[in-house]
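For reference, the structure discussed in these notes is given below.
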Number of protein chains: 2
Amino acid sequence: MATAGTPAEPAGHKRSDVRRNEQTLLDAAAAVFVRSGVDAPVREIAAEAGLGVATIYRHFPTRADLVVAVFRHQVDALAAAAPMEAPADDKPYEALRRWVHHFADFLVTKHGLAEAMHSDQAGFESLHNEFVERLLPVLDRLLKASAAAGAICADVRAYDLMLAVGNLCIGVDTFPDYRSRRMVDLLLTGLATTAG
Amino acid sequence: MATAGTPAEPAGHKRSDVRRNEQTLLDAAAAVFVRSGVDAPVREIAAEAGLGVATIYRHFPTRADLVVAVFRHQVDALAAAAPMEAPADDKPYEALRRWVHHFADFLVTKHGLAEAMHSDQAGFESLHNEFVERLLPVLDRLLKASAAAGAICADVRAYDLMLAVGNLCIGVDTFPDYRSRRMVDLLLTGLATTAG
DNA sequence: CGTGACTCGGAACAGCACTCCGTATTGCAA
DNA sequence: TTGCAATACGGAGTGCTGTTCCGAGTCACG
């Protein structure tokens with residue numbers, strides 16, 4: 001249940017094996033996620049790490065906690081990739097467009113991540129929450145900057161856009177002919193047009 | 001494996017209990033799909049029908065076969081809802097827009113159908129195939145008519161658009177705040193704009 | 001080196017899809 | 001009406017999943 005954004009990381013007073021196993025698990029999970037997708041069986045991750053399943057659950061109570069931990073750096077990089085100060089940028093819509101494509105590329109390269117983020121499966125809600133918590137403010141800022149510049153219509157909510165883009169990235173693995181990037185572009189174009 | 005569009009329906013030479021049970025299953029499945037979504041446990045459908053699980057598998061080898069059979073009439077209606085003769089319509093883009101929204105509304109009201117259609121789970125491929133087979137020609141016709149009228153850009157493929165719209169309908173149950181309809185509209189707007 | 005607290009491992013439980021085979025039902029013909 | 005061959009049915013069985021529990025093992029500190 002607990003969202004458990006950061007389980008507990010005062011970092012200092014943890015037993016050495018705990019810290020070692022946590023890192024082992026993160027490495028194993030990263031490898032398995034690439035090989036079998038983010039919804040790979042828990043046992044497979046445990047085997048890859050050479051640890052028991054209970055150890056996984058002790059460190060990462062829900063699957064989303066593990067996924068978030070594995071991708072944390074990349075999500076942070078994504079958040080940081082957006083221009084911090086909007087006023088400095090004279091082309092806010094271009095900045096928005098660039099960042100959304102970065103976001104989409106990130107999702108597409110992590111097999112099953114987009115699917116999982118919008119899944120109703122138990123344990124995945126906090127994954128959704130994490131993404132919303134970290135990236136929604138960024139997207140909202142970009143969106144408001146564009147709206148202020150009159151480049152897009154102002155009544156589109158960042159939340160809707162974020163979920164929509166995430167949704168458009170679903171199925172790229174399953175259906176090789178599907179071009180998610182083109183569709184994301186189309187959505188962004190629609191955003192700009194409604195301003196007219 | 002078999003796509004099994006129409007398992008075998010010469011209708012005449014089937015045992016009476018077979019036909020009766022098939023209808024019972026369809027009714028039960030329809031009820032359960034509404035209550036628990038299209039990915040409800042097989043046992044639940046069997047219980048609702050008062051039949052064994054093997055009977056379900058005998059009539060509908062894959063889950064998609066059952067889903068397709070339950071929604072066949074509505075999918076047909078959807079296909080028929082598109083204007084048959086494009087030339088007669090002087091506003092092809094409006095027709096396209098209307099039909100796509102019909103399609104989206106259909107998906108949204110069937111809990112989990114959009115998710116299932118783009119799932120990589122075994123047994124769901126034929127669901128995707130069925131939708132593509134039945135609705136893609138319709139969408140393609142609408143799209144070509146709009147393109148011919150110069151209302152939209154011509155380089156968007158019907159397949160991409162269909163999957164994109166389907167994707168945008170994912171998550172409406174899980175995330176009540178997500179407005180899929182608005183996002184579908186945005187996508188359609190983008191389609192029109194790129195023509196400019 | 002001993003002790004106490006914390007952690008690990010894998011067996012155990014529960015829920016799912018899907019299959020198999022003995023039993024029951026059906027339709028036809030005598 | 002009744003017997004029989006073909007066919008369908010039911011539910012137990014198999015195998016894979018997530019999740020929990022507790023005895024055995026490991027670590028840090030005195």
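Chain letters run A, B, ... following the sequence lines, proteins first, then strands; residues in each count from 1. These values consider heavy atoms only, across backbone and side chains, with no hydrogens, waters or symmetry-generated copies.
Heavy-atom distances to DNA chain D give each of A:Val42 and A:Ala54 a nearest nucleotide, and the one nearer the 5′ end belongs to A:Val42. Nearest-nucleotide positions on DNA chain C place A:Asp17 closer to the 5' end than the other of B:Asp17 and A:Asp17. Nearest-nucleotide positions on DNA chain C place B:Asp39 closer to the 5' end than the other of B:Ser16 and B:Asp39.
One can place CD1 of B:Ile45 at 11 Å from P of C:dC18, the figure rounded to the nearest angstrom. As a whole-Å value, the separation of B:Arg58 CZ from D:dG10 P is 8 Å. Distance NZ (A:Lys14) to C1' (D:dT26): 17 Å, rounded to an integer number of Å. A:Glu44 has its CD atom 14 Å from the C1' atom of D:dG18, to the nearest Å. Taking atom CG on B:Leu51 and atom P on D:dA12, their separation rounds to 16 Å, with Å as the unit. Rounded to an integer number of Å, the gap from A:Ile56 CD1 to D:dT20 P is 13 Å. For the pair B:His59 NE2 and C:dC18 P, the interatomic distance rounds to 17 Å; values are reported in whole Å. Summarising the geometry, the separation between CZ on B:Phe60 and C1' on C:dA17 is reported as 17 Å, rounded to the nearest angstrom.
Between B:Thr174 and A:Glu125, the closest side-chain pair of non-hydrogen atoms is not below 4.5 Å. Using a 4.5 Å cut-off on side-chain heavy atoms (C-beta onward), A:Arg97 and A:Thr189 make contact. At a threshold of 4.5 Å between non-hydrogen side-chain atoms, the residues B:Glu115 and A:His118 do not count as touching. The side-chain heavy atoms of B:Val165 and B:Leu139, taken from C-beta on, include no pair separated by under 4.5 Å.
Taking 4.0 angstrom as the limit, B:Asn21 places a side-chain polar atom (N or O) nearer than this to OP1 or OP2 of D:dC9. In terms of phosphate contacts, B:Arg20 brings a side-chain nitrogen or oxygen within less than 4.0 Å of OP1 or OP2 of C:dT26.
The base of D:dG18 is paired with the side chain of A:Arg43 by a donor and an acceptor separated by under 3.5 Å. Below the 3.5 angstrom threshold, one finds a donor paired with an acceptor across the side chain of B:Arg15 and the base of D:dT7.
Using cut-offs of 30° and 60° for the angle between ring planes, the B:Phe106 and B:Phe71 rings count as perpendicular. Taking the six-membered ring where tryptophan is involved, the planes of A:Tyr159 and A:His128 are perpendicular, since the angle between them exceeds 60° and thus also 30°.
A centroid separation of 6.0 Å or more is found between the aromatic rings of B:His111 and B:Phe33.
Nucleic acid contact for A:Val53: base, since at least one base atom lies under 4.0 Å from a heavy atom of the residue.
With C:dC18, D:dC21, C:dC8 as the choices, the nucleotide that has an atom nearest any side-chain atom of B:Tyr57 turns out to be C:dC18. Distances were taken from every side-chain heavy atom of A:Thr55 (C-beta onward) to each of C:dT7, C:dG9, D:dG10; the shortest belongs to C:dG9.
A salt bridge does not link A:Arg98 to A:Glu94: none of the charged nitrogens lies less than 4.0 Å from a carboxylate oxygen.
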Show me the protein contacts with nucleotides 28-30 of chain C, counting only N or O atoms at under 3.5 Å.
none

